[in-house]
Amino acid sequence: MAAPNGTTGNDFTVKAGLAQMLKGGVIMDVVNAEQARIAEEAGAAAVMALERVPADIRVEGGVARMSDPSMIKEIMEAVTIPVMAKARIGHFVECQILEAIGVDYIDESEVLTPADDVYHVTKHGYKVPFVCGCRNLGEALRRISEGAAMIRTKGEAGTGDVVEAVKHMRTVNAQISRARGILLASQDAEPELRAFAREIEAPYELVRQAAELGRLPVVNFAAGGVATPADAALMMQLGCDGVFVGSGIFKSGDAKKRARAIVQAVTHYKDPKVLAEVSQGLGEAMVGINVKQMPEADKLAGRGW
Amino acid sequence: MAITVGVLALQGAFFEHVQLLKKAAEQAQPSEWHFIEVRTPQELATCDGLVLPGGESTTMSLVAARSNLLEPLREFVKVDRKPTWGTCAGLILLAESANKTKKGGQELIGGLDVRVNRNHFGRQTESFQGPLDLPFLGQDAPPFPAVFIRAPIVEKILPHHEGIQAEEIQQEDVVVAPSREARDSVAQAATAEHVEVLATLVGPAAQHATEGRDVNPDQEVGDIVAVRQGNVFGTSFHPELTGDARIHAWWLREVQAAVLRREKLKQ
């Protein structure tokens, strides 16, 4: 995939390249070395190291921050797959610390309490690549223009309700179709594409690139509310490149079995027979919160812009 | 001649390989090429050649085992000796021996008598891109833009012998692929005793030395990043992440030649 504006091609190829290696894979939230080992044995393509999964952050409340570096390092010691970790939106010092520890990817995440209500982190200067959440095309392209090398839907983390992730993916898809439609409709699509870029508040060059490719210019994963193999396959069939599972695994009845089933579902997402097989006898899914009945103030997806 | 090339699509950058194979096919006439994603034994059975893409090798081997694809893959590579190319994670799976695997080890397919060192350069912040001389693309070929992402290297060429790599099993923290015999004289003909080193990377060893890190004297010859043994080819970098289709075109010509040889021997 080509390097977006303002980045040196070399570095960006390497950063976005690791995300390409994670495609068709599942990235699992883990809170300790033991869970990380379970995730690796289940076939996770990477793990996200954090102190509390989103479901617990919701229950316990308070300020959610970057995890203790010693806990992240323990997880890095425990597994050979890539290890990601979360920093608060705008908290560039947490990012510097995570880079110093040597994590493989930083998630500048709305799941943690934002540290800056105006600016996201400027991500170009880091050697470690970043993944960021989005609800629509404009938000995705703004993050990419800041240097993100991978995108995920925001969904609504810690709910086990996939509806928001679906909405965000469908919105991105619809807006890319619209941009592509503009591009293909006329010989000189630039003025109208510029107007569309202004409307979604994204850089014109990246809007044009998405229109030409018919997809985001970087890898795009599903996240926020995936709880079952069917949820994971749904997001893949909607065009996601892979899936993050947060609370959905270790808040369920049989974490090992569910983790393995979701991994199989992401590989065989187009094969309903396999999906039926792996969906059997998984025990209880995480309890879940219906997003429709949630107070607006409890929603995480509104953090960031 | 119609030739079907599969790309193992269990996890990783398989789409990128399919795209670049299609581009390369225009340079590798006159065969009629078909490129397919492989997730089942039935799909594998239709292939004349196979690419194992970059991704996470632990994920791929676990998913392959659970999708009943691990033994068919060993049959394809080691029993039938059909042309196979592994990039990065794919190279690890094609090695007869690998170290620094996850606790409890991982399953390998095998096919190349080498030991690979996983994540040789370190974590993601040590990943890099650089120009690499690839003499097999022609003596005057411009360097290839090689992308190394948490990449393995071939740290040892192993002696070829019948059966399993017995000395390797004695090593600590090393996993070894199970032995499989070539099916018939056709497969035997595609087997080679000798592992050819097709490319080495001299830069990092020299760079590490100037940074005051320990460098083994035998690394000074350079890290081995491309090898071939008979029909099995492995690279520790990712041509599929570039727009440069030269290696893909070269490999398709190799596949074409291998298919022709098979046809001849079968008659």
Side-chain angles (χ1 to χ4, degrees), chain A residues 1-2 8-27 33 36-37 39-46 76-84 99-106 126-129 149 219 241-242 260-261 263-264 266-271 274 278, chain B residues 8-17 19 37 39-40 53-69 87-89 92 98-106 118-119 122-131 145-152 237-238 240-243:
Chain A
M1 294 182 190
T8 56
N10 249 8
D11 286 354
F12 198 78
T13 303
V14 168
K15 288 178 178 180
L18 177 57
Q20 284 168 282
M21 294 309 128
L22 300 174
K23 283 167 73 174
V26 182
I27 301 168
R37 290 278 303 116
E40 185 175 52
E41 283 304 327
M76 288 165 60
E77 284 295 309
V79 295
T80 66
I81 53 179
V83 176
M84 302 183 166
E99 181 172 60
I101 300 170
V103 301
D104 296 295
Y105 242 93
I106 295 175
Y126 293 81
K127 202 152 191 321
V128 57
V219 165
D241 294 313
R260 260 202 307 204
V263 169
Q264 288 300 109
V266 168
T267 295
H268 300 286
Y269 69 96
K270 286 185 281 195
D271 188 338
V274 175
V278 302
Chain B
L8 190 67
L10 300 178
Q11 192 271 322
F14 48 87
F15 176 79
E16 288 79 352
H17 264 298
Q19 293 305 105
E37 292 179 359
R39 293 184 179 83
T40 63
E56 279 307 313
S57 67
T58 48
T59 303
M60 279 189 230
S61 75
L62 287 168
V63 175
R66 289 172 201 151
S67 305
N68 301 317
L69 206 53
T87 59
C88 194
I92 295 169
N99 64 18
K100 289 203 284 190
T101 59
K102 72 174 174 65
K103 293 189 179 71
Q106 76 176 66
R118 291 182 73 220
N119 299 342
R123 305 194 72 94
Q124 173 62 11
T125 47
E126 260 71 54
S127 294
F128 60 98
Q129 180 177 21
V147 183
F148 293 86
I149 295 178
R150 290 170 46 97
F237 52 99
H238 294 283
E240 75 276 18
L241 295 188
T242 70

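Because the structure is predicted, anything quoted here is derived from the model rather than measured. Within every chain, numbering begins at 1; the chains are lettered A, B, ... in the order of the sequence lines, protein sequences first and strands thereafter.
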Are side-chain N/O atoms of B:Ser67 and A:Gln264 paired as donor and acceptor at under 3.5 Å?
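B:Ser67 vs A:Gln264: donor-acceptor pair found between side chains.
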When you compare the side chains of B:Arg39 and A:Thr267, does any donor N or O come within less than 3.5 Å of an acceptor on the partner?
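Note: B:Arg39 and A:Thr267 side chains miss the donor-acceptor criterion.
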Nearest 0.5 Å please: distance from the CG atom of A:Asp241 over to the CZ atom of B:Phe15.
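Nearest 0.5 Å value for the CG-CZ distance: 9.5 Å.
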Going from NE2 on A:His268 to CZ on B:Arg66, what distance comes out if it is rounded to the nearest 0.5 angstrom?
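Here the rounded value is 10.5 Å.
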Is any side-chain heavy atom of B:Pro53 closer than 4.5 Å to a side-chain heavy atom of A:Met21?
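Contact flag for B:Pro53/A:Met21 side chains = no.
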Where on [X] is there a heavy atom nearer than 4.5 Å to chain A: the side chain, the backbone, both, or neither?
{"X": "B:Val63", "result": "both"}
{"X": "B:Thr58", "result": "side chain"}
{"X": "B:Leu10", "result": "both"}
{"X": "B:Gln106", "result": "neither"}
{"X": "B:Ala89", "result": "neither"}
{"X": "B:Glu37", "result": "side chain"}

Do B:Glu126 and A:Lys127 sit within salt-bridge range, that is, some charged N less than 4.0 Å from a carboxylate O?
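Here B:Glu126 does not pair with A:Lys127 in a salt bridge, since their nearest N and O are not under 4.0 Å apart.
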Between A:Asp104, A:Val274, A:Leu18, which residue shows the highest count of heavy-atom pairs closer than 4.5 Å to chain B?
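Looking at each of A:Asp104, A:Val274, A:Leu18 in turn, A:Asp104 comes out on top.
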Counting heavy-atom pairs closer than 4.5 Å to chain B, which one of A:Ala45, A:Ala44, A:Gly242, A:Gly25 comes out on top?
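So the answer, after comparing A:Ala45, A:Ala44, A:Gly242, A:Gly25, is A:Ala45.
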Closest approach of [X] to [Y] (non-hydrogen atoms, all atoms of both residues):
{"X": "B:Arg123", "Y": "A:Ile81", "result": "NH2-O, 4.3 Å"}
{"X": "A:Glu40", "Y": "B:Leu62", "result": "O-CD1, 3.3 Å"}
{"X": "B:Gln11", "Y": "A:Lys23", "result": "NE2-O, 3.0 Å"}
{"X": "A:Ala78", "Y": "B:Lys103", "result": "O-NZ, 3.2 Å"}

Candidates B:Ile149, B:Thr242, B:Val147 - the one meeting side chain to side chain contact (heavy atoms under 4.5 Å, CB included) with A:Thr13
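Only match with A:Thr13 under side chain to side chain contact (heavy atoms under 4.5 Å, CB included): B:Val147.
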Heavy-atom distance under 4.5 Å to chain B: side chain of A:Ala46, backbone, both or neither?
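Neither part.
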Do side-chain atoms of A:Thr80 reach the backbone of B:Thr101 as a donor and acceptor pair under 3.5 angstrom?
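Side chain of A:Thr80 to backbone of B:Thr101: no pair is present.
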Between B:Gln124 and A:Val14, is there a donor-acceptor pair closer than 3.5 Å when you use the side chain of the first and the backbone of the second?
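At least one qualifying donor-acceptor pair exists.
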Run the numbers on B:His238 and A:Gln20 for side-chain contact (heavy atoms from CB on, under 4.5 Å), then give the verdict.
CA-CA 11 Å; B:His238 294 283; A:Gln20 284 168 282; over 6 Å; no
